[in-house]
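One structure follows; several queries about it will come next.
Computation of the quantities below employed the complete heavy-atom set of this structure, encompassing side-chain atoms and omitting hydrogens, waters and symmetry-equivalent molecules.
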Amino acid sequence: MHSILRANCMRLRAPLVRMARRTLTKYTESHEWVKIDDGVATIGITDYAQNALGDVVYVEVPEVDAEVELDEVVGIVESVKSTSDIYTPLSGTIVDANQKVVENNKLINRSPEADGWLFKIKFSSQDELEKLLDAAQYKKLTEEGH
């Protein structure tokens, strides 16, 4: 009887394992991070990029529902040192834009890879995702001073 209960418990747990969501973080050579969760990518600039920029004074994010193509300019981050275009690392539809960073652009300096995200995109190409850098590749890129 005990083994029957154990077998039933194992069958009940198995579907839960398959339902676990897969979250993946990738990076671009232009210093954006891309966090993938269930077909939607959240995108922002890396800590490395915000350090290079210095104090952010202006942020422009894309319009929700905009259809965008890979490497299209979708926003701007301006700092006391320079102005940088934000490129979309994936093609698709913008599903959300972080208005909090527009209203309080210091969020990018304080929390670039969390609260300082810029936009979310429902991406349309798995191939584009596979061309992005993983954490080890991005770390090597930044160590080389790129």
- Working to the nearest 0.5 Å, report the span between NZ of Lys106 and OG of Ser111.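 If we round to the nearest 0.5 Å, Lys106:NZ and Ser111:OG are 15.0 Å apart.
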- Does CD in Gln137 sit with more than 12 non-hydrogen atoms of other residues, nucleotides or ligands closer than 6.0 Å?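 Counting other residues, nucleotides and ligands, CD of Gln137 exceeds 12 neighbours.
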- Task: List for me each residue that meets side chain to side chain contact (heavy atoms under 4.5 Å, CB included) alongside Gln99, sequence neighbours excluded, and say none if there are none.
- Result: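 Here the qualifying residues are Val61, Ala97, Val102, Glu103.
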- Item | The single option from Thr93, Asn98, Val64, Val95 passing side chain to side chain contact (heavy atoms under 4.5 Å, CB included) against Lys120 |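 Result: among Thr93, Asn98, Val64, Val95, Val95 is the only option passing the side chain to side chain contact (heavy atoms under 4.5 Å, CB included) with Lys120.
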- Task: Tell me whether the guanidinium CZ or amine NZ of Lys35 lies under 6.0 angstrom from the six-membered ring centre of Trp33 and within 45° of its axis.
- Result: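 Ring-cation test returns no.
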- Task: Check whether any side-chain heavy atom of Ser79 lies under 4.5 Å from a side-chain heavy atom of Asp55, and answer yes or no.
- Result: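 Not touching, per the 4.5 Å side-chain cut-off.
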- Query: Going by heavy atoms in the side chains, are Val68 and Ile121 under 4.5 Å from each other?
  - Reply: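 In short, these two side chains touch, coming nearer than 4.5 Å.
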- Query: What about Val73 and Val59, same hydrophobic cluster or not, with Ile/Leu/Val/Met/Phe/Trp/Tyr joined at side-chain heavy-atom distances under 4.5 Å?
  - Reply: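 In one cluster: no.
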- To the nearest 0.5 angstrom, please state how far the NZ atom of Lys26 sits from the CG atom of Asp134.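 CG of Asp134 is found 5.5 Å from NZ of Lys26.
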- Query: For the atom pair NE2 (His31) and CG (Asn51), what is the distance rounded to the nearest 0.5 Å?
  - Reply: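 Rounded to the nearest 0.5 Å, the NE2-CG separation comes out at 11.5 Å.
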- Message: Contact between Leu53 and Lys81 at the side-chain level, heavy atoms closer than 4.5 Å - yes or no?
- Response: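 The answer is no; the side chains never approach within 4.5 Å.
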- Task: Please report the closest heavy-atom contact between Ala41 and Val34, naming both atoms and the distance.
- Result: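 Here Ala41 and Val34 meet closest at CB-CG1, 3.8 Å.
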- Mind running side chain to side chain contact (heavy atoms under 4.5 Å, CB included) on Val57 and Val80 for me, showing each step along the way? CA-CA 7 Å; Val57 296; Val80 294; 3.9 Å; yes
- Message: In the structure I gave you, are the side-chain heavy atoms of Ser125 and Leu90 within less than 4.5 Å of one another anywhere?
- Response: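 Side-chain contact under 4.5 Å: no.
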- Query: Passes side chain to side chain contact (heavy atoms under 4.5 Å, CB included), Glu78 versus Val56? Steps please.
  - Reply: CA-CA 6 Å; Glu78 186 176 319; Val56 174; over 6 Å; no
- Message: Nearest 0.5 angstrom please: Leu132 CG to Leu24 CG, how far?
- Response: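 It comes to 9.0 Å.
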- Task: Quick one: sort the Tyr138 and Tyr27 rings into parallel, tilted or perpendicular, breaks at 30° and 60°.
- Result: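 Ring orientation, 0 to 90° scale: parallel.
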- Message: Using the rule that Ile, Leu, Val, Met, Phe, Trp and Tyr join whenever any side-chain heavy atoms are under 4.5 Å apart, tell me whether Ile86 and Trp117 fall into a single cluster.
- Response: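 No, no single cluster joins them.
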- Item | Heavy-atom side-chain contact between Leu141 and Leu133 under 4.5 Å |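 The answer is yes; the side chains approach within 4.5 Å.
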- Query: Which heavy atom of Glu113 sits nearest a heavy atom of Ile45, and at what distance?
  - Reply: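 Smallest heavy-atom distance, with atoms named: CG-O, 4.0 Å.
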- Message: Pairing donors with acceptors under 3.5 angstrom, does anything connect the side chains of Glu144 and Thr142?
- Response: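 No, Thr142 and Glu144 have no side-chain donor paired with an acceptor closer than 3.5 Å.
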- Ile36-Ile94 co-clustered via ILVMFWY side chain contacts under 4.5 Å: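 Yes, Ile36 and Ile94 fall within the same hydrophobic cluster.
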- How about Asp71 and Thr88: do any of their side-chain heavy atoms sit closer than 4.5 Å?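 With C-beta onward as the side chain, the pair stays apart.
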- Does atom CD of Glu72 have more than 12 heavy-atom neighbours from other groups under 6.0 Å away?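 Enclosed: over 12 neighbouring heavy atoms sit under 6.0 Å from CD of Glu72.
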- Message: Test side chain to side chain contact (heavy atoms under 4.5 Å, CB included) on Ile76 and Asp85; report intermediate values, then the result.
- Response: CA-CA 5 Å; Ile76 297 170; Asp85 290 330; 4.1 Å; yes
- When rounded to the nearest 0.5 angstrom, what is the spacing between CG in Leu70 and OG in Ser91?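 The distance works out to 5.0 Å.
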- Message: Under the side chain to side chain contact (heavy atoms under 4.5 Å, CB included) test against Leu118, which residue among Val101, Thr42, Val74, Asp96 passes?
- Response: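 Going through Val101, Thr42, Val74, Asp96 one by one, the side chain to side chain contact (heavy atoms under 4.5 Å, CB included) with Leu118 is satisfied by Val101 alone.
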- Are Ile43 and Leu129 joined in one hydrophobic group, where the rule is that I, L, V, M, F, W and Y side chains link up if heavy atoms are under 4.5 Å apart?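 Yes, it is one cluster - the side chains of Ile43 and Leu129 are joined through contacts under 4.5 Å.
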- Message: Tell me whether the count of non-hydrogen atoms from other residues, nucleotides or ligands lying under 6.0 Å of NZ in Lys100 goes above 12.
- Response: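 No - once you tally the heavy atoms of other residues, nucleotides and ligands closer than 6.0 Å, there are 12 at most.
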- Rounded to the nearest 0.5 Å, what separation is found between the CD atom of Glu143 and the OH atom of Tyr48?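 If I round to the nearest 0.5 Å, the distance is 10.0 Å.
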- Glu32 and Ser30: CA distance, side-chain angles, deciding distance, side-chain hydrogen bond (donor to acceptor under 3.5 Å, both in side chains) verdict: CA-CA 6 Å; Glu32 287 94 14; Ser30 56; 2.5 Å; yes
